[in-house]
Amino acid sequence: MRRAHKTGALLGAALFALAVLTPVGSAVPAGSAAGRADGAAVTGPEDSVDSAESAPPVRAAAQQAAADFTGTVDVAGCSGAVVRMPGSAAGDQALVMTNAHCYEGAWPVPGEVLVDQPSHRLFNVLGRSGETAVQVHATKALYVTLTGTDLALYQVPVTYRELERDHKVTALTLATRRPARDTDIHIVSAGLKKQFTCKVDHIAYRVLEFGNITKDVLRYTSGCDTDSGTSGSPVLSDGRVVAINNTSNHDGGRCTLDNPCEMARNGTITTHKGIGYATQTYWLTTCMAPGTHLDLKRPGCLLPRSDPSLARRGSGL
C-alpha cells in the first residue's frame with residue numbers, strides 16, 4: 001500500500017492498541033460506534049472463523065486462461081476493474097472498483113465512510129490484450145472507506161451493454177461468497193499490465209497497517225509478488241472477483257506503512273515479509289439493490305457504515 005501518510009502517528013498507535021485490546025471473539029452490531037472503535041465496522045460471517053476452511057468454497061479452474069485484461073482499469077498509479085453484481089442488468093450503469101487508498105480526494109478517517117461524492121475521475125478501461133479500449137469519467141464515488149476494508153466504488157455514465165457493444169469490454173462479476181483456503185487465484189493489474197497466479201494461503205482475522213485495520217483478509221502464497229501499481233487489482237477465482245488487492249509487506253516491518261502485520265483472534269501479531277494481501281469483495285453484493293444502487297440499510301448488508309460519533313464531533317455536539 002504505497003501511499004503518503006494521511007493519519008497521524010498517535011492516531012495509528014491508538015487504533016493499533018484498540019485492535020489488540022478488543023475482546024477475543026467479540027461481536028458488535030454493525031451500526032454501533034463501539035464496533036468501529038478498533039476500525040472493524042463490519043460484523044459478518046468472518047467473525048465466526050479464523051480461517052476460511054469452514055466457509056463455502058469458491059474453487060478455481062485447474063488451469064488459468066491466457067492473459068486477458070478485459071474490463072480491468074488503469075487508475076492513475078493504481079489498478080481497478082469494471083465490476084457488476086451477479087444480478088446486474090445490461091442496461092445498468094457500470095461500476096468501477098479500486099482501493100480507497102487510491103481515492104483522489106481526502107481520505108476517510110478511521111470509522112468514516114464517504115457516500116455519493118462528486119467525482120470526474122478518468123479511467124482507462126482495457127481490452128483483452130491490455131490496450132485502452134475506452135476512457136470514461138466517473139459521475140460519482142458511490143462508496144469509499146478504509147475502515148474494515150480498503151474499497152472505493154465509482155459509477156460511470158455508460159451501461160454494461162454499451163461497454164460490451166461499442167468497446168468489446170465485458171465487466172467482471174463479483175462472487176457472492178469468500179474463497180476457501182488453498183483456492184487458486186489470479187490477480188490482474190491494469191496499472192502494470194501484469195498478471196499473477198498463486199493460492200489463498202490464509203484468511204487473516206485482522207490486518208493492521210499504520211492507522212488502518214482490515215478484516216477477513218486474504219493472504220497470498222509467494223507466487224503473487226505484488227508491488228506498487230497493483231493496488232486495486234481484482235483478484236479472481238473461477239472467473240469471478242473474490243477480492244481486491246491492496247497491500248503487501250515490503251521490508252519485514254511490523255504494522256507500519258507498507259509493512260502490514262496480522263493479528264489473530266487471541267491478539268498474537270505476526271509478519272510475513274514479501275507477502276501480499278487482498279480484502280474481501282463479496283460484502284458489496286450484500287448491499288446493492290437492483291440497478292446498481294448502493295443501499296447500506298439493505299437487510300444483510302455487510303459493508304461498514306460511518307461511525308455516527310464522527311458526525312456529532314464534526315457538528316460540535
Side-chain angles (χ1 to χ4, degrees), residues 1-4 52 58 60 64-83 96-103 124 126 130 146 149-152 172 174-175 178-179 181-204 206-210 212-262 270-281:
M1 189 186 297
R2 297 284 186 184
R3 55 190 183 181
V58 180
Q64 294 289 353
D68 185 354
F69 293 92
T70 303
T72 60
V73 178
D74 186 347
V75 192
C78 289
S79 298
V82 179
V83 297
V96 172
M97 181 181 72
T98 188
N99 284 147
H101 77 258
C102 299
Y103 178 57
N124 293 311
L126 304 191
L146 284 160
T149 185
D150 184 356
L151 180 66
L172 304 178
L174 297 181
R178 71 177 72 185
R181 193 173 181 179
D182 293 327
T183 294
D184 295 309
I185 54 175
H186 189 54
I187 304 171
V188 188
S189 170
L192 295 186
K193 308 295 190 297
K194 190 173 181 180
Q195 304 192 22
F196 308 83
T197 300
C198 60
K199 291 179 179 289
V200 176
D201 187 38
H202 180 67
I203 306 293
R206 299 284 188 274
V207 169
L208 290 71
E209 183 176 2
F210 197 57
N212 299 308
I213 303 166
T214 49
K215 297 181 62 175
D216 199 26
V217 181
L218 275 64
R219 181 213 298 161
Y220 310 142
T221 55
S222 58
C224 290
D225 186 17
T226 55
D227 205 339
S228 299
T230 63
S231 289
S233 298
V235 180
L236 295 101
S237 174
D238 200 21
R240 295 209 169 194
V241 179
V242 296
I244 180 171
N245 178 75
N246 80 304
T247 193
S248 62
N249 187 299
H250 295 280
D251 308 310
R254 183 181 170 96
C255 314
T256 60
L257 193 67
D258 296 325
N259 289 285
C261 64
E262 296 179 23
T270 57
T271 59
H272 302 269
K273 182 178 179 180
I275 296 299
Y277 296 92
T279 56
Q280 303 273 3
T281 51

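Only a predicted model underlies this, so the values are computations on that prediction, with no experimental measurement involved. Computed over heavy atoms, backbone and side chain alike; hydrogens, waters and symmetry mates excluded.
Between P179 and Q280 there is a side-chain heavy-atom pair separated by less than 4.5 Å. Two residues are said to be in side-chain contact when any heavy atoms from C-beta on lie closer than 4.5 Å; I244 and D150 fail this criterion.
Atom SG of residue C255 and atom CG of residue N212 lie 12.0 Å apart, to the nearest 0.5 angstrom. The CG atom of L146 lies 8.5 Å from the NE2 atom of H101; values are rounded to the nearest 0.5 Å. Rounding to the nearest 0.5 Å places CD1 of I185 at 13.5 Å from CG of D238. Interatomic distance, I275 CD1 to E262 CD, rounded to the nearest 0.5 Å: 9.5 Å. Here the OG-CG distance, from S231 to N99, works out to 5.0 Å after rounding to the nearest 0.5 Å. Rounding to the nearest 0.5 Å places CZ of R254 at 10.0 Å from CG of L208.
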### Query
After noting the C-alpha distance and the side-chain angles of L151 and M97, does the key distance pass the side chain to side chain contact (heavy atoms under 4.5 Å, CB included) rule?
CA-CA 7 Å; L151 180 66; M97 181 181 72; 3.5 Å; yes
### Residues C261, T271; criterion side chain to side chain contact (heavy atoms under 4.5 Å, CB included); working and verdict
CA-CA 5 Å; C261 64; T271 59; 3.8 Å; yes
### Query
Where do E209 and L257 land on the side chain to side chain contact (heavy atoms under 4.5 Å, CB included) test, with the steps shown first?
CA-CA 6 Å; E209 183 176 2; L257 193 67; 4.3 Å; yes
### Task
Take T98 and V73, measure what side chain to side chain contact (heavy atoms under 4.5 Å, CB included) needs, and give me the verdict at the end.
CA-CA 9 Å; T98 188; V73 178; over 6 Å; no
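In this structure, the side chain to side chain contact (heavy atoms under 4.5 Å, CB included) partners of A278, at least two apart in sequence or on a different chain, are L218, Y220, V235, A243. With sequence neighbours excluded, the residues satisfying salt bridge (charged side-chain N to carboxylate O under 4.0 Å, His left out) with K199 are D184.
Between S189 and F196 the shortest heavy-atom distance is CB-CE1, 4.5 Å. Of all heavy-atom pairs spanning S248 and G276, the tightest one is CB-CA, 3.5 Å. The two residues A81 and L172 make their nearest non-hydrogen contact at CB-CD1, 3.9 Å. Between L126 and A190, the closest heavy-atom pair is CD1-CB, 3.5 Å. Scanning both residues, Y277 and H272, for their nearest heavy atoms gives OH-CD2, 3.7 Å. Between K273 and G252 the shortest heavy-atom distance is CG-N, 3.6 Å.
At distances below 3.5 Å, not a single donor-acceptor pair connects side-chain atoms of R219 with backbone N or O atoms of I203. The backbone N or O of V242 sits less than 3.5 Å from a side-chain atom of T281, completing a donor-acceptor pair. In this structure, the side chain of D74 does not engage the main chain of N124 through any donor-acceptor pair within 3.5 Å. A donor-acceptor pair is defined here as one N or O able to donate and one able to accept, closer than 3.5 Å; such a pair exists between the side chain of S79 and the backbone of G191. Remark: side-chain polar atoms of T221 are not paired, donor with acceptor, to backbone N or O of D201 under 3.5 angstrom. Between the D251 side chain and the G253 main chain, no donor and acceptor come within less than 3.5 Å of each other.
Using modelled atom types, one finds a donor on one side chain and an acceptor on the other under 3.5 Å when comparing N245 with T230.
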